[in-house]
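Before any comments, here is the structure.
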Amino acid sequence: MKAVSPIPKLLLGPGPSEVHPSVYQALASPVLSQMDPDLWTIMDETVELLRDTFQTSNPLTFPLPGTGMAGMEAAVSNVLEPGDTFVVGSGGFFADRIAELATRSGANVVKVDVEWGRSVEPGALEAKLKELGDVKAVAVVHCETSTGVLQPLGDLAAIAHARDALLIVDTVASLGGADVPVDLLGIDVAYSGSQKCLGCVPGLSMVTLSERAAEVVNTRKTVSTSWYLDVGLLKDYWITGRKYHHTTASSLTYALHQALRLVLDEGLPAVFARHEANSRALRSGVDAMGLSMAASEDVQSPTVHAVLMPDGVDSNQVRRALMDEHRIETGGGLGIFAGRAIRIGLMGHSSRRANVLSVLSALESVLDGMGYEIAASAGVEAAQRSWMSETG
Ligand SMILES: *Cc1c(COP(=O)(O)O)cnc(C)c1O
């Protein structure tokens with residue numbers, strides 16, 4: 001059997017994203033034992049970098065083995081106990097998953113439904129919490145990858161706290177691409193994944209818990225359903241001591257360390273501005289091609305975009321052609337957008353001008369091949385005009 005040698009593809013789907021060469025290099029560093037003080041130094045630095053990226057001083061901040069779903073599972077399983085009432089701001093595939101996981105923890109799960117493509121209304125959430133009375137926690141997805149909606153987080157923590165509930169936020173598709181000021185907003189639990197806006201390889205997730213959330217976890221009446229993702233046990237190894245829990249994924253930790261360094265060296269404001277400018281350029285291009293987004297304009301995320309295909313065009317066929325003819329990976333539509341949308345991620349190292357131009361020109365050529373009339377280069381030229389207007 002030959003050694004693996006995958007053909008590189010341009011990763012512009014809803015994750016994984018492109019990986020910076022220096023992150024691949026970091027992976028090749030020597031593996032160290034979980035009991036080696038040299039590894040502990042790297043771990044401490046990684047925690048520090050993570051706190052800066054989450055914009056928090058929360059002591060309980062660390063990476064977890066497993067992809068973004070491990071972060072979701074950790075958040076839900078540590079906070080919830082059987083019988084707790086848990087409210088999920090719905091409106092997409094990943095919000096529904098949070099609800100599904102929470103059901104397994106024995107919680108009484110209540111959804112605040114919202115049409116796909118829109119964000120959860122703070123007023124509707126407030127009314128639901130008032131109606132329910134005793135609510136343990138509220139969860140929302142910051143960037144809902146299935147719709148491309150960026151949930152405004154503004155007052156949600158205050159609304160939850162007024163009812164003595166915790167706010168859990170899924171930042172898997174936003175951390176490192178859109179502003180997630182954990183302390184400023186009073187978010188109690190946030191989790192993310194390595195391979196989306198942080199531009200690292202898949203395999204790690206990360207969580208941060210406020211003092212309030214730590215207190216809730218510490219005073220549980222029952223043990224959490226997950227031993228592997230038990231925040232209390234993980235804390236004894238990652239934060240307060242070095243009590244063996246599981247073998248540290250050292251290679252992945254090196255890669256995350258490097259990916260976070262790249263984000264913070266560029267500077268969070270510059271990183272967010274880059275995502276915003278490239279997202280605007282993509283949207284201008286899409287608009288010039290006569291297409292529209294699944295998300296309402298005012299809540300469009302700068303990281304993931306669900307682009308609706310022209311009537312009668314099967315989005316799965318477009319997606320396949322983008323791959324077969326241009327080696328560009330995009331995502332298919334989910335839920336009500338299945339067969340109708342393709343999802344374009346411009347996250348982390350994928351959020352670059354050249355990639356916006358590549359995907360727009362490939363999309364033009366694919367749709368043209370399917371007989372859909374577009375003025376030549378309309379999308380690409382609109383994107384270029386968008387950047388020009390940004391720089392004045
Ligand atoms: C990708 C994603 C997840 C799941 O992450 P995996 O890395 O696939 O486990 C969870 N939530 C959101 C919003 C995502 O985009």
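Every number for a ligand or one of its atoms is a count from 1 in the order of the listing.
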So if I count the atoms of ligand 1 from 1 in the order they appear, which ones are less than 4.0 Å from some heavy atom of Val141? 13 (C)

Here the atoms of ligand 1 under 4.0 Å from any heavy atom belonging to Met69 are 4 (C), 5 (O), 6 (P), 9 (O)

Is there a donor in the side chain of Ser350 and an acceptor in the side chain of Asn355, or the other way round, less than 3.5 Å apart? no

Consider every N or O of Arg97 and every N or O of ligand 1, then say whether any pair is closer than 3.5 Å. no

May I ask you to identify the nearest protein heavy atom to atom 1 (C) of ligand 1, giving residue, atom name and distance to one decimal place in Å? Lys196 NZ, 1.5 Å

Using a plain distance cutoff, I'd like to know if Glu144 has any nitrogen or oxygen under 3.5 Å from a nitrogen or oxygen of ligand 1. no

Option set Asp170, Thr303, Thr145, Thr171, criterion heavy-atom distance to atom 11 (N) of ligand 1, minimum: Asp170

Ala173 N/O to ligand 1 N/O under 3.5 Å: no

Taking the six-membered ring for Trp, is the centroid-to-centroid distance between His246 and Trp227 below 6.0 Å? no

Identity and separation of the nearest protein heavy atom to atom 10 (C) of ligand 1: Phe94 CD2, 3.4 Å

Please identify each residue that fulfils side chain to side chain donor-acceptor pair (under 3.5 Å) with Ser17, with sequence neighbours left out. none

Write out the residue and atom name of the closest protein heavy atom to atom 8 (O) of ligand 1, then the distance separating them to 0.1 Å. Gln195 NE2, 4.1 Å

With respect to Glu329, which candidate in Arg320, Arg343, Arg319, Lys9 satisfies the salt bridge (charged side-chain N to carboxylate O under 4.0 Å, His left out) definition? Arg319

Of the protein's non-hydrogen atoms, which lies at the shortest distance from atom 9 (O) of ligand 1, and what is that distance? Thr67 OG1, 2.6 Å

Between Thr248 and Tyr237, is any side-chain donor less than 3.5 angstrom from a side-chain acceptor? yes

On the six-membered ring of Phe86, is Lys128 placed so that its NZ or CZ lies under 6.0 angstrom from the centre and within 45° of the ring axis? no

Set of ring-ring contact (aromatic ring centres under 6.0 Å, His included) partners for His161, sequence neighbours left out: none

With a cut-off of 4.0 Å, which atoms of ligand 1 are near a heavy atom of Gly68? 5 (O), 6 (P), 7 (O), 9 (O)

For ligand 1, is there an N or O atom under 3.5 Å from any N or O atom of Cys143? no

Between the side chains of Lys130 and Glu126, is the shortest nitrogen-to-carboxylate-oxygen separation below 4.0 Å, so that they form an ion pair? no

